[in-house]
Amino acid sequence: MGSSMRKKREKKRDFNKAKLKVGREKAKAANFTDTSFKSKSIHINQGALTSDGIDSAEQFKQNLSLCISAKSDTQRREAVAYITNQISSTPPNNPVGTSGVLSKLLPLLSDASTSVRAQLLKLFRALPPSEVGAHVEKILMYIRGGMTHLSPDIRTDTLNVLDWLLDVAGDEVVSCSGGWLKTINSFSSMLGWNPSVGSAMTSKGWTTASKATLGTKKGPEAQARQIQALARFLEVGFKPEAPIPVQSAAYWDNIYRLPTTPNPFAYLNLFGIPRDEENEMYLDRGSRQRVFDARWRATIATGMEGARKEGGTVGRAAAALGRALNGGFDGPESGSEN
């Protein structure tokens, strides 16, 4: 019995041996590609699995690039958070400067991820306020784009960025090229208070709410937030300027002496090209009041009255807007609300 079992095992082992092929190898096809992998090691010329050996400036630039190029929302948010921590550290680490950071990250104002936009606002607040004023015109261009975005969440988050910009560089916002009229145009489009494109003000239907907020989950809250932002913007634009002390010598020199500056009457634009009101710089309160009264006061006052009739949060925001409008009115009725 034992011998029989041993022979069976040996025979089975025989069948497990590799079979030798007899004859010539079969010819390969003309388009045959050898995909066999025979290498026993892989050599990488450049590569790093850890960030310990990377220079801090290079790591900053890598994360700055990831903020835009990363496909994952989590990666973009973490990259923006890294930049925020570096800027707010002591001493701050920003090898590309405020200009480089803004140029790279401003497109994220319209990012689809709410968490990325929230982290971006934290980064903006960490920037040195003294270095933001020089870039107000470029920032406003992206803010106006976000204010007229199709997504209501992006519009609301963009208003938060506008609030930050008014805090750190309010005077530059309302006096830079296009900062006054173009921003008011964006507010009117966002609220649906633009008579040239039609608005809910003339609607005879079942509601007088702005068309810009209908169909959203938080229509009244969004409209109230937009009206509050417009009121804040107008307050900054109509803020009384600090009086300039009168100097008698300078006063008489200005009247009787010949001007010493080249082209002293350029502001009259006697022989220049027609002015572009929207892109013009309105440097003082008086010029901003004049163009606002001529183009937007009646329309915004009508929209404000319609919003006030809505009541609730929208009505309270409209009351704040009324106070801002009265603050920018130098007529005899400045003591009463519109």
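Note that the structure is predicted; figures quoted are calculated from it, not measured.
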Shortest non-hydrogen pair, Pro128 vs Thr98, comes out as CD-OG1, 4.0 Å
Let me see the working for Leu120 and Asp111 under side chain to side chain contact (heavy atoms under 4.5 Å, CB included), right down to the final yes or no.
CA-CA 10 Å; Leu120 182 67; Asp111 192 274; over 6 Å; no
dist Gln119:CD -> Ser113:OG (nearest 0.5 Å) comes out at 10.5 Å
When rounded to the nearest 0.5 Å, the distance separating CE of Met147 from CG of Leu191 is 8.0 Å
Is the Phe292 to Phe238 ring centre distance short of 6.0 Å?
yes
Can you measure from CG (Leu230) to CE (Met190) and round to the nearest 0.5 angstrom?
7.5 Å
Distance alone, cut at 3.5 Å: any donor-acceptor contact between the side chains of Arg125 and Asn160?
no
If two hydrophobic side chains count as joined below 4.5 Å and joins carry through other members, does Leu64 share a cluster with Leu66?
no
Within the 4.5 Å heavy-atom criterion, are Val80 and Asn63 side-chain neighbours or not?
no
Side-chain contact, heavy-atom cut-off 4.5 Å: Asn185 with Trp296?
yes
Show your reasoning for whether salt bridge (charged side-chain N to carboxylate O under 4.0 Å, His left out) applies to Arg308 and Glu305.
CA-CA 5 Å; Arg308 183 178 292 176; Glu305 288 300 327; 3.7 Å; yes
Are any side-chain N or O atoms of Ser287 and backbone N or O atoms of Asp284, one a donor and one an acceptor, separated by less than 3.5 Å?
yes
Would you check if Leu159 and Phe187 make a side-chain contact, meaning some heavy-atom pair closer than 4.5 Å?
yes
Nearest heavy-atom contact between Met281 and Cys176 is CG-C, 3.9 Å
Going hydrophobic residue to hydrophobic residue with side-chain gaps under 4.5 angstrom, can you get from Ile154 over to Trp164?
no
List the atom of Lys182, the atom of Gly178, and the distance in Å for their closest heavy-atom pair.
CB-O, 3.0 Å
Whether Ser177 side chain and Glu280 backbone form a donor-acceptor pair below 3.5 Å
no
Full working for side chain to side chain contact (heavy atoms under 4.5 Å, CB included) between Glu221 and Arg225
CA-CA 6 Å; Glu221 290 80 1; Arg225 178 70 184 90; over 6 Å; no
Is Leu283 reachable from Val291 through a run of I, L, V, M, F, W or Y residues, each pair having side-chain heavy atoms under 4.5 Å apart?
no
If I compare all heavy atoms of Cys67 with all of Leu105, which pair ends up nearest, and what's the gap?
CB-CD2, 3.4 Å
Find the distance between CG (Leu162) and CZ (Arg232) and round it off to the nearest 0.5 Å.
8.0 Å
For residues Ala307 and Gln223, report the shortest heavy-atom separation together with the two atoms involved.
CB-NE2, 4.4 Å
Counting only N and O atoms by type, is there a donor-acceptor contact under 3.5 Å from the side chain of Arg288 to the main-chain atoms of Tyr282?
yes
Check: Leu106 and Ile143 side chains under 4.5 Å, non-hydrogen atoms:
no
Do side-chain atoms of Ser89 reach the backbone of Gln86 as a donor and acceptor pair under 3.5 angstrom?
yes
Do the non-hydrogen side-chain atoms of Ile184 and Ile300 ever get within less than 4.5 Å of each other?
yes
Enumerate the residue pairs fulfilling salt bridge (charged side-chain N to carboxylate O under 4.0 Å, His left out) with a member in residues 127-147, sequence neighbours excluded, ordered by first and then second residue.
none
From Trp180 atom CH2 to Arg295 atom CZ, the distance as rounded to the nearest 0.5 Å
12.5 Å
How many angstroms lie between atom CG of Leu140 and atom OG1 of Thr183, to the nearest 0.5 angstrom?
5.0 Å
Is there a donor-acceptor pair under 3.5 Å between the side chain of Arg76 and the backbone N or O of Lys71?
yes
Could you walk me through whether Val101 and Phe60 pass the side chain to side chain contact (heavy atoms under 4.5 Å, CB included) check?
CA-CA 10 Å; Val101 171; Phe60 185 97; 4.2 Å; yes
Does a salt bridge link Arg117 with Asp157, judged by any charged N lying under 4.0 Å from a carboxylate O?
yes
Got Ile227 and Val314 here, is their nearest side-chain heavy-atom distance under 4.5 Å?
yes
Apply the test side chain to side chain contact (heavy atoms under 4.5 Å, CB included) to residues Leu127 and Leu102: give CA-CA distance (whole Å), side-chain angles for both, the deciding distance (0.1 Å), then the verdict.
CA-CA 10 Å; Leu127 292 172; Leu102 288 174; 3.7 Å; yes
Is any side-chain heavy atom of Phe124 closer than 4.5 Å to a side-chain heavy atom of Leu165?
no
Backbone of Pro152 reached by a side-chain donor or acceptor of Thr156 within 3.5 Å
yes
Could you report the tightest heavy-atom contact between Gly179 and Phe233, atom names first, then the distance?
O-CZ, 3.4 Å
